[in-house]
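All remarks here apply to the structure that follows.
Below, read A as the first sequence line, B as the second, and so on, with proteins coming before strands; counting in each chain starts at 1. Being a predicted model, the structure only gives us computed values, none of them experimental.
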2 protein chains.
Amino acid sequence: MRKRETVKRATAKEVAAAAGVSKWTVIRAFTPGSSITEESKRRVMEAAAALNYSPNLLARSLATNSTRQVAVFVDDFANPQKLPVLETLTEQLQAAGLVAMLININNHFDHVHALLHADQRQVDAVILFGTAFRDETLTDRQLGHTLPPMFVLARDSQIEGVPAVVCDAELALRDIVNHLYEKGYRRPAFMSGATALSTALRRKQHFTEFWAEKGIEVVDYLSAEKYSAEAGAISVRNYLSVTAAADRADVLMCENDILAFGAMDEIRGKFGLRIPEEIAIVGFDNYELGGSHAYSLTTYEQPRHEMVRAIIAMILGTVEAETVTLPGKLVIRNST
Amino acid sequence: MRKRETVKRATAKEVAAAAGVSKWTVIRAFTPGSSITEESKRRVMEAAAALNYSPNLLARSLATNSTRQVAVFVDDFANPQKLPVLETLTEQLQAAGLVAMLININNHFDHVHALLHADQRQVDAVILFGTAFRDETLTDRQLGHTLPPMFVLARDSQIEGVPAVVCDAELALRDIVNHLYEKGYRRPAFMSGATALSTALRRKQHFTEFWAEKGIEVVDYLSAEKYSAEAGAISVRNYLSVTAAADRADVLMCENDILAFGAMDEIRGKFGLRIPEEIAIVGFDNYELGGSHAYSLTTYEQPRHEMVRAIIAMILGTVEAETVTLPGKLVIRNST
DNA sequence: CACCTGCTTGCACCCGGTAGCAAGATGTTT
DNA sequence: AAACATCTTGCTACCGGGTGCAAGCAGGTG
């Protein structure tokens, strides 16, 4: 590791010597609201500027037991939706004087590793962003005693006492189903990703439920291997090749936009069907590309700014830490 | 800020008391290669396990003057290409025992802020990922004395003494032009993004140069307002509306895939032209979506694994820190 | 002028580790 | 059994700040 042998950072003690005061006075000059005369402060600040001094946050963190660092766990970089949320998250964390440690959860670095590591680094909080683990993972491994506070973002919490911030799936699906109903669709189908995520299950469940309220049954349930365009394409290919034109759904809701993109490519490319005339498509998440001409996908946008705001408020402790559900908004385009 | 008043982490001193040794022996038990008897180590480890002890990395960092944290500056979250690189970067950093601090450079938090902040946090290095600033920024603000070592990733360095890791643009454009030439295209055009990035300029310049080597002149240069599908669409719309069919280029290379997507939507949607028969398209960066049916875009993939490996080797000091240029690979699809 | 109040300032001690020295323990050699 | 080499262990000092107390100092009051 390349050390910083070059030029050492100035310390409070050195600034103190230069300003002719004690190091505590220097520290006070840099601590808002502490009792110090204007004169002393001015002298300290001059000396500090001359020496290019700024407090060492590492030392401060050690002394105050607060690093103002937040670990962000991410395990699915394939989902392009992660990027805008990461942007919002880092921006708002920074605005709150916090900083994000981005942790990649993968085969070589699992949740337990990551948690222990984050704990060793004394982070003030951990955000499980779109990822989660079973409660047992904590208890099995005898963790949980000294762990930093955790929060789940954009996914249901599976851990007792760990709050989550999620988009209101019930409202979302109600909006979607209402929209489809008004557009005249009567033969809905639903495509889910493989994993048995509670957030995913809930979308499917509400989709079914709200159609049922209108006296309509969901005609087909498709499932994709994973969340990728390829998997969405395969799933819809299987469906269309075994389903007679008359028995086909007139609208297919895909659990997220990525699946929808793959499905649309396949529907138009391989099967030559027109969207939305022959089959309409709905996605979820509003990826940037859904807005392009090629797709123009009707989808649902999660309220990421509000979600991030909510989770940061909990981290800062300005609001009680409890699971919250926020409303997003329906984005209607040409695929329906 | 929610403090960790709950259960305090055990310290080496406490473990020492429990194990009946001094705290230094505890430290030795946790320091690979230090001299300690098997017996002592076993007793320490037992006590440590009972108390759930693990060393406080903050304190260690303070004492060793090495945090094993790397700040990663990102300023353009609109580019979806950032995500796979971030994945590779975090994965490899973690494998090397480092961790990424993700810093969002924006209007409220500029390079200077971010650098000072990263410095205060004593990061071991700063990676300028796809972002850079002028050399003057450093000297103007009297920075540069105590700053952590910096490295530029996926962009040219504009700072004296700061190395960069980039994709070999010359090789890339040579491959692209050769491919287009072999395919029989003879009327090339180039679309650039607005900003005068050196990496961007170089693509354009080499594009021109390699066509010239074949005795062919680039027939048109388009420019987009920024790097977005929308801007690409507008740029190509302007071009096609003022250019007679006979005068049109037969292949358009876009500076990156996002521009290409927008251009393709417009070309097919608004102008009803077929790709590649009436006009072929080439992008750059190989975004995941370029592989979908809807686009099937010929593009060029930057060697992100190798680039990340190279930059981490420099950070670790296992290789000399100097600008390196790595070869990527041409990805040929149906748009040419 | 003595006394009280309130703001500044310096100090001892603390946060939880690390480095390097020296004393203590152990084992080996002659 | 004495002398020596080697490994363990504990200790002092230190990384660069923060906390809370008490002394120092000012101004206002009786």
Which atoms of nucleotides 18-20 of chain D (N or O only) lie under 3.5 Å from a protein N or O atom, and what are those distances?
residue, atom, partner, partner atom, Å
D:dG18, OP1, A:Arg60, NE, 2.9
D:dG18, OP1, A:Arg60, NH2, 3.4
D:dG18, O6, A:Trp24, NE1, 3.4
D:dT19, O4, A:Trp24, NE1, 3.0

Whole-Å distance, A:Asn52 CG to D:dG16 P, equals 16 Å
From CD1 of A:Ile36 across to P of D:dG24 the rounded distance in Å is 20 Å
The nucleotide from C:dT8, C:dG10, C:dC15 with an atom nearest the side chain of A:Thr25 is C:dG10
Atom CG of B:Asn56 and atom C1' of C:dC14 are separated, to the nearest Å, by 14 Å
Report task. Give a yes/no on whether any side-chain N or O of A:Lys8 is located under 4.0 angstrom from OP1 or OP2 of D:dG16. Result -> yes
Which of A:Val70, A:Val123, A:Val126 passes side-chain contact (heavy atoms from CB on, under 4.5 Å) with A:Met101? Answer is A:Val123
What residues 37-46 of chain A contributes to the DNA chain C interface at heavy-atom separation below 4.0 Å is A:Thr37, A:Ser40
Keeping the roles fixed (side chain from B:Ser157, backbone from B:Val162), state whether a donor-acceptor pair exists under 3.5 Å.
yes
Original post:
Between B:Asn104 and A:Glu87, is there a donor-acceptor pair closer than 3.5 Å when you use the side chain of the first and the backbone of the second?
Top reply: yes
Whole-Å distance, B:Leu62 CG to D:dG17 P, equals 9 Å
- Query: Counting distance only, does the side-chain N/O of A:Arg28 pair as donor-acceptor with the main-chain N or O of A:Lys41 below 3.5 Å?
  - Reply: no
Query raised in the report: Hey, is the main chain of B:Gln120 close enough, under 3.5 Å, to the side chain of A:Ser54 for a donor-acceptor pair?
Result: no
Q: Verify whether one side chain among A:His117 and A:Arg121 offers a donor that lies under 3.5 Å from an acceptor in the other.
A: yes
_Determine whether a donor-acceptor pair (N or O, by modelled atom type, separation under 3.5 Å) exists between the side chain of B:Glu306 and the backbone of B:Leu326._
no
* **Any A:Thr11 side-chain nitrogen or oxygen under 4.0 Å from OP1 or OP2 of D:dG16** => no
Which of A:Leu102, A:Ile105, A:Asn79, A:Val85 passes side-chain contact (heavy atoms from CB on, under 4.5 Å) with A:Val74? Answer is A:Leu102
B:Asp119 CG to D:dG16 C1', in whole Å, measures 14 Å
From CG of A:Leu58 across to P of D:dC14 the rounded distance in Å is 20 Å
**Prompt:** Is the closest basic N to carboxylate O distance between B:Glu38 and B:Arg42 below 4.0 Å?
**Reply:** no
Discussion item. Taking any heavy-atom pair under 4.0 Å as a contact, classify A:Phe30: base, sugar-phosphate, or nothing.
Written reply: nothing
